[in-house]
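Each ligand, and each atom within it, is numbered from 1 in the order the structure gives.
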Amino acid sequence: MSLDTLSQFIEAIEKAGELARIREPVKARLELCEIADRVMKQPGGGKALLFENVILDNGAKSEYPVAINLFGSMRRMSMALGAENLDDVGARITQLLDLKVPEGLLGKLSMLPRLLEVGKFPPRIRGGKPACQEIVWKGDEIDLGRLPIMTCWPEDGGPYITLPMVISKDPKRGIRNVGMYRVQVLGPKTLAMHWQRHKVGAAHWREMAEKRERMPVVIAIGADPASVYSASAPLPPTIDEFLFAGFLRRSPVSLAKALTCDLEIPAESEIVIEGYIDPSEPLVVEGPFGDHTGFYSEADLYPQVHVTAVTMRRSPVYASTIVGRPPMEDYYLGHATERIFLPLLKLTVPEIVDYHMPAEGIFHNLVFVSIDKQYPGQAYKVMNAMWGQGLMSLAKVLIILDKNVDVRNVQEAWWVALNNIDPERDVRFSMGPVDVLDHSSRAFTYGSKMGIDATRKWPEEGFTRNWPKLIEMDEATKGRIDQMWAKLGLGPGDRSEQWQRSGGSGNDDAFNRAEE
Ligand SMILES: Cc1cc2nc3c(=O)[nH]c(=O)nc-3n(C[C@H](O)[C@H](O)[C@H](O)COP(=O)(O)O)c2cc1C
């Protein structure tokens, strides 16, 4: 059964024993962040938290509880998408993309359920009053200060909405976009919208600004978990995130009309902030903000949102997250994207076997890629292709390895990569767009990239020395020791278990084959 509301997601998390309710009074300013940060640093990502007694900046008790770290473990991230594990979602996409028409009538008929399934995904606009409009604030009733919006870190520019679905529409083609962009509270009815220049919402705004037209924008908070995740997914601008969410949850997302602007919103949202941006107004200062790099992002200029209505369920839960020094909850959201987008990446770069963005690389800083190398120079071909793909263009360091290196085992990937490279020969620098949050590049959003070819080198690539064999015990000896291991009383002796305990995925046998 798909999860249709945030409350259903929270209930499912509680049933799974992964929710902690906090009744102690906790301030939305700094205290909530400090508790959430400590929990997110626990092994596996810690529990999801429901703060039931949140103290607002004016000292009053919040009317609404705050949920945080809902997506912050592998299990909860999979639950959010209604899957056993994240690779299963990738497998569904692979199946969907594999649309070669099979031989014979029976084969063709077997495609029907798959094709019919696709037709079930588009979002549906519901009539009647949606749950997210049970309560409506308009005019002087609007006061964002009544919402338990967190100020996360001591030097943040103010309170921030951190887990939003920001909805806008492409003014030319009418295609909707939903992006997760932090939003700073500037006043009771004003916000600053931090969509970075490479993002789709920012592109919509540039087009509206060129036309000198007011841009309607909606910030929805808390909905079915697949929709919340989809806001963070780097989909091409032509794909509606709510269609993607429908595919993920195998059931369409219900939408409703916003009350004061021409946009649709998830009908099951907890809280919806409706508003507009006026391109004739000057930009406003946004930030600083303790960011997911683990450093403060400097203040910069972003568009101001004027709030025209706040609507909500009768008893809404305010959904939030924090970012900061990794690992944090956003690692799991990003990891879901990594797994789900692998088949899509393979469509254009078919030699890719797997890839992984470790938490300490905060997505764009470090990407390990394993490839099925079939010709000399292929590692460089893959680097160039990756730097040409959507937000992967922002990747700062790419490390390309052979197919059987388990790149999801970071220790294994580093170990093989560092052994395999002659730095002067195998490292290449390129230039390109750089993530807005990168504080080291020579210019804002522009700088260099490093590609490392850590594959085994071929004679055609000028390598004429012998490539060494990997050390491995023979099977007969391993078998005999397996038999006596338990009697020796030396603890776990399964080699793959050892990898797992030290942070790897336990797939070390796999890369032996690469060296055969
Ligand atoms: C918790 C979290 C916060 C984020 N904050 C921002 C942000 O403030 N600005 C931004 O441009 N992207 C932010 N992102 C990344 C975008 O959500 C992501 O790049 C997404 O693909 C953007 O959607 P779009 O491709 O439709 O533009 C954040 C992601 C997460 C998970």
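- In summary, the atoms of ligand 1 found under 4.0 Å from a heavy atom of E241, numbered by their order in the structure, are 26 (O).
- Residue contact check for ligand 1: A231 places a non-hydrogen atom closer than 4.0 Å to it.
- For K169 and D240, the salt-bridge test fails: no basic side-chain N is under 4.0 Å from an acidic carboxylate O.
- In terms of protein heavy-atom proximity, atom 19 (O) of ligand 1 is nearest to K199 NZ, 3.0 Å.
- Distance alone, capped at 3.5 Å, is enough to place a donor-acceptor pair between the E329 side chain and the L70 backbone.
- Remark: minimum distance from atom 9 (N) of ligand 1 to any protein heavy atom is reached at H194 O, 2.7 Å.
- With hydrogens left out, the protein atom closest to atom 31 (C) of ligand 1 is M180 SD, 3.7 Å, a heavy atom.
- Interface of N177 with ligand 1, defined as ligand atoms under 4.0 Å from a residue heavy atom, comprises 26 (O).
- The shell of residues lying under 4.0 angstrom from ligand 1, judged by heavy atoms, excludes H198.
- For W153 (side chain) and V323 (main-chain N/O), a donor-acceptor pair under 3.5 Å exists by modelled atom type.
- Distances below 4.0 Å separate heavy atoms of A233 from the following atoms of ligand 1: 21 (O).
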Worked check of ring pair (Phe, Tyr, Trp, His ring centres under 6.0 Å) between F247 and F121: CA-CA 5 Å; F247 165 79; F121 305 146; 5.1 Å; yes
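- A salt bridge links D37 with K41; the closest basic N to acidic carboxylate O contact falls under 4.0 Å.
- If you check each of P236, S297, S232 against atom 20 (C) of ligand 1, the one with the closest non-hydrogen atom is S232.
- Taking both residues in full, the closest heavy atoms of T337 and S232 are given as OG1-O, 4.4 Å, listed atom of the first, atom of the second, then distance.
- At least one heavy atom of V178 sits less than 4.0 Å from an atom of ligand 1.
- Ion pairing of R126 with E268 is present here, as a side-chain N (NZ or NE/NH1/NH2) and a carboxylate O approach within less than 4.0 Å.
- Looking at atom 11 (O) of ligand 1, its nearest protein heavy atom turns out to be Q196 N, 3.0 Å.
- Taking the ring axis of Y276 as reference, the NZ or CZ atom of R214 stays within 45° of it and closer than 6.0 Å to the ring centre.
- Here the shortest heavy-atom distance to atom 27 (O) of ligand 1, taken over Y181, F71, Y160, W195, belongs to Y181.
- Protein heavy atom at the shortest distance from atom 25 (O) of ligand 1 is V200 CG2, 3.8 Å.
- Formation of a donor-acceptor pair under 3.5 Å by the T293 side chain with backbone atoms of F295 is found in this model.
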